[in-house]
Amino acid sequence: MSGRGLILGIETSCDETAAAVVERGARTLSSVVASQIKTHARYGGVVPELASREHLRAIVPVVRAALAEAGIALADLDAIAVTAGPGLAGALLVGITYAKALAAAQGLPLIAVNHLEGHIHAVLLHESEAKPQYPSGAKAQVDFVASTAVMAKAMTYQSCPDTNQRLSATYKADEKTLPSPNEATLALVVSGGHTHLYLARQAQGAWSYRLMGRTVDDAAGEAFDKVAKLLGFGYPGGPWIDALARYGNPKAVPFAFAQIKVKAHLAGKVPKTKAAKTAPIADLDPRFMFSFSGIKTAVLRYVEVHGLRDDARARVARLFAPGVDARPPQSKEEARLLCRQQVLDLVASFQCAVVGDLMKKSFAAAESLGARRILVTGGVAANRELRARFSAEAARRGLRVDFPTLAMSTDNAAMIAAAAWGRFLAGEFAADSLSADPSLALGR
Ligand code: KG4
Ligand code: ZN
């Protein structure tokens with residue numbers, strides 16, 4: 001234990017094996033991400049069995065690289081944080097099992113983190129790094145009072161008031177860096193597996209979340225991936241659509257989103273997907289619910305009615321023929337040259353409609369909850385049109401909107417280590433029985 005508040009984060013919930021070292025939840029010392037994109041690309045989506053196998057291969061070198069990049073040894077760590085869910089069961093288990101073993105071997109507390117909370121903390125981490133909190137030299141003087149003996153006591157994985165008090169006292173300076181207490185913040189987590197709206201509040205260093213809305217079927221990122229596959233682009237589809245949409249007319253195809261009927265979903269009339277399983281939707285306001293399976297079907301219909309199928313097949317043959325290494329950004333530029341204007345218009349219209357729907361519901365929720373601030377995070381938050389339009393609308397309404405860095409929008413472990421900091425201070429450690437929870441819900 002270094003006494004510097006160093007947490008090793010481990011993330012293996014989907015198709016990235018990631019490890020990072022974050023100091024006091026506020027400064028990233030290292031962030032290593034081993035992507036499995038090449039493994040899954042040929043299938044156009046994540047294959048769970050392959051994901052687990054790749055995590056097994058990568059976990060040890062990725063953790064070693066994170067420690068080396070941070071310039072620290074295992075003995076310098078103060079805790080280990082790991083994603084407990086939601087995600088793919090086999091993939092999560094690799095990270096959890098490894099984190100448990102490492103924590104036990106090093107005599108360190110283990111902290112279980114919800115992946116969705118991690119995404120929210122990616123924004124907060126970016127914010128604290130943008131505003132350096134330590135006066136020069138002060139960081140090194142932190143008096144870490146939790147002795148090895150105290151930490152050993154905490155290792156019983158019970159909430160330990162004595163340890164908690166000492167840890168809180170030691171680190172109370174951190175609270176200065178957090179947003180004002182009880183400030184209502186609306187968080188939109190929009191990724192390949194989730195489209196969730198939360199009301200987030202922070203008091204005395206601890207965050208609490210209330211689910212306000214979510215998708216009843218596909219996640220927004222899933223729609224990007226499926227539409228990109230349908231049109232013969234690469235995987236993951238979001239970055240391809242993002243790059244190509246710039247060349248099309250966003251008003252060419254008028255896509256519409258119907259009002260969501262929550263009751264129909266509860267009655268089982270709308271198919272449940274992986275995204276829809278992560279939290280119950282009873283009592284949620286239909287105005288803040290999303291559905292992206294309809295627009296995906298509308299794009300499919302457009303492709304069929306306008307005879308664009310062969311066009312997409314030809315693109316796949318040119319871009320992804322065996323031996324062709326689809327290297328971005330060259331391949332995206334090549335893809336553009338292989339698209340007739342009608343396809344570029346379709347892509348631009350799709351993206352414009354999805355971003356418009358995310359905005360409409362997010363701003364409506366912020367207004368109804370009195371939230372002055374919106375956080376947008378998750379893989380889809382990397383989208384350029386989304387960032388530009390959310391920023392413009394927030395400015396128009398006098399609201400604040402924040403995003404993670406581009407690198408931290410997609411899955412990484414720094415966000416997991418950052419989200420663990422509050423739990424570390426509170427002494428909320430994981431039990432020995434910690435296991436993967438593929439449907440872990442955030443908040444209530
Ligand atoms: O957060 P993430 O890495 O993993 C999940 O937790 O799902 O998000 C991955 C998703 C994919 O669906 C990908 O297509 C989408 O984020 N994505 C984007 C962009 N970059 C990644 N979607 C739209 N525009 C982008 N630039
Ligand atoms: Zn994610």
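This is a predicted model, so every value here is computed, not measured. Order of appearance sets the numbers: ligands from 1, and atoms from 1 within every ligand.
- A donor and an acceptor atom, one from each side chain of His119 and Asp411, are located under 3.5 Å apart.
- One side chain, Glu129 or Thr28, offers a donor N or O that lies under 3.5 Å from an acceptor on the other.
- Every N/O-N/O distance between Thr410 and ligand 1 stays at or above 3.5 Å.
- Given atom 10 (C) of ligand 1, the protein heavy atom at minimum distance is Gly192 N, 3.4 Å.
- Using a 4.5 Å heavy-atom threshold, the side chains of Leu199 and Leu211 count as separate.
- At a heavy-atom cutoff of 4.0 Å, ligand 1 is contacted by the side chain of Asp225 but not by its backbone.
- Taking the six-membered ring where tryptophan is involved, the planes of His196 and His194 are perpendicular, since the angle between them exceeds 60° and thus also 30°.
- Considering only non-hydrogen atoms, atom 5 (C) of ligand 1 lies nearest to Ser191 out of Cys14, Ser13, Ser191.
- Not a single N/O/S atom of His194, whether from backbone or side chain, sits less than 2.8 Å from the Zn ion (ligand 2).
- By the 30° and 60° cut-offs, the orientation of the rings of Tyr209 relative to Tyr198 is perpendicular.
- Within Asp411, the N, O or S atom lying nearest to the Zn ion (ligand 2) carries the name OD1.
- With 2.8 Å as the limit, Cys14 does not count as an N, O or S neighbour of the Zn ion (ligand 2).
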